[in-house]
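By convention in this document, chain letters (A, B, ...) are assigned in the order of the sequence lines, proteins followed by strands, and residues within each chain are numbered from 1.
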Amino acid sequence: MATDSDAALGRDVFRAPKGTRDVLAPESDRWIEIITRFGARARRYGYGLVITPVFEHYEVFARIGESTDVVSKEMYDFLDKGDRRIALRPEGTAGAVRAYVEHRPTPPWKVFYVAPNFRYERPQAGRYRQHYQIGAEVMGVDDPAVDVEMIDLLGGFYREIGLNSVRLVINSMGDAETRRRYREVLLEYWRAHSTLLGDTMERAEQNPLRVLDSKKPEFKEMLQHAPQITEYLTDSAGNHFEQVQAGLRSIGNHFEVEPRLVRGLDYYTSTLFEFRSDSLAAGQDTVGGGGRYDKLAQEMGGPATPAIGFGCGVERLLIVADADGALAPSPARVDAYVVDAVGTADVVVLLHELREAGVASDRAYGGRSLKKQWAAADKSGARYGVMLAPREMETGHVVVKDLTNGQQIEIRRDEVAAWIAVNTQRRDF
RNA sequence: GUGGCUGUAGCUCAGGUGGUUAGAGCGUCGGGUUGUGAUCCCGAAGGCCGGGGGUUCGAGUCCCCUCAGUCACCCCA
């Protein structure tokens, strides 16, 4: 079996596999923040949570485009025990579209998700084999107002959590007629430069648009003079793109039109957008992005359904957050810390009362010395230390100490939970 | 998938030209103070020096392979 050979290869099998990692507290506190804020905002915009399987039949994801790297070389696929060809989700849209086609909800179908994606590729900072994306999709509406709403949803989220280094770039892939004409012109242009392109010429023949975002320095000048898709937009495609831009302006959203913006997945049509940050490495500076995919539902056997969506990489978002000084983990994790000088079951009761009263609270275990318990109370970041001690207990009191200034008072045992609750009110996630 | 760099305690890192029992700071645990933290002092635990092979009397140190991380590509969130 493979497990034996892994060990033989010198792989430490009791470590997270290559390209994966564990997220522990307090780092994971930031994930809670991201997920809850994004979820709250999406619901405010009228989106509902959708949960689709982590794996699907291979063919679902293959619709992303056979010529894309995601499908041709990065798919985590395998045969299951029933000989089904299964693949782990490489991105969020395909599964959501499959669910739409399967359930046929009444449009507009507005959904959001937070889910892991899998791609078999060489890991780097901000690029993992298992990474998480938050995303959203709207199916069944062609209105450019939806394009604007989506961009506003993601851009507003970035602003809310304090990412101030992200900038928005947009482009349009036009309609089928646009792409047919543009593809021809572009391919001619590539052929005229085939010696310079070298190996990339193969890709140019296969998918002319994808050459546009090559990072090779020697292509820079050639790319700058390449024909631009915005010159080839048909009237209706151009009109849609104009309305999107007008909508973005009307809500004060700054953006740049980048005619060379293309995205890695073949299903995109019409509006395309990306949020980039200079805090990320040059070749992978996209925090999140998406676009229209008006033909995908049909390709999965559903009705013709205009649609648009985006994905945003959580790990990358965190890199940007660090650079921008956003999403700092909150220092205090509890409000109260119980110190036990009596050794009775009353500690258990008091903690229960505190927690039921909404007070985040903790204690030391294992009968440690008072000194150690108070040290632990200090380290916990709690505002108050509550000590159960024999002398005060005799008169029905406990000691409450404000750990920020060392002041100590006595409070009635039966009132202490309520007293601390009102003195530590705070917003919890 | 291709190429470069890195890999010593939980964390951050020291360990000229190979030489006895591998160190520090922080953190953890215990004690000084068995009714009191944030200062101070003392002590302890904790290391297949990423893994394997080789050169050598002797390898954390040199060579090869490998695993992992990281950077640049391909590409992508």
Give one of base, sugar-phosphate or nothing for [X], where a contact means two heavy atoms less than 4.0 Å apart.
X         : result
Glu121(A) : base
Ala125(A) : sugar-phosphate
Leu403(A) : base
Glu392(A) : base
Val339(A) : nothing

Check your understanding: Toward the 5' end of RNA chain B, which comes first, Arg368(A) or Val399(A), by nearest nucleotide?
Key ->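 So the residue in question is Arg368(A).
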Practice item. Begin with the C-alpha distance, continue with both residues' side-chain angles, and end with the deciding distance and a verdict on ring-ring contact (aromatic ring centres under 6.0 Å, His included) for Phe219(A) and Trp190(A). Key: CA-CA 11 Å; Phe219(A) 292 174; Trp190(A) 298 146; 8.3 Å; no
Review point. Does the base of rA77(B) carry an N or O that pairs as donor and acceptor with the side chain of Arg119(A) under 3.5 Å?
Key: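 Looking at the base of rA77(B), it does pair with a donor or acceptor on the side chain of Arg119(A) (distance under 3.5 Å).
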**Study point:** Polar side-chain contact Lys18(A)-rG69(B) base: donor and acceptor under 3.5 Å
**Key:**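 Result: no qualifying N/O pair found.
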Exercise for review: Hey, could you give me each pair passing side chain to side chain donor-acceptor pair (under 3.5 Å) that has a residue in residues 336-347 of chain A? Not counting sequence neighbours.
Suggested key: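 Every side chain to side chain donor-acceptor pair (under 3.5 Å) pair that includes a residue of residues 336-347 of chain A, provided the two are not neighbours, is Asp346(A)-Arg413(A).
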Point to revise | Nucleotide pairing, RNA chain B (Watson-Crick or G-U, distances under 3.5 Å), in dot-bracket with [ ] and | | key: (((((((..((((.....[...)))).(((((.......))))).....(((((..]....))))))))))))....
Practice item. Go through the structure and list residues passing side chain to side chain contact (heavy atoms under 4.5 Å, CB included) with Ala326(A), not counting sequence neighbours. Key: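 Ala326(A) satisfies side chain to side chain contact (heavy atoms under 4.5 Å, CB included) with Leu163(A), Ala321(A) once adjacent residues are dropped.
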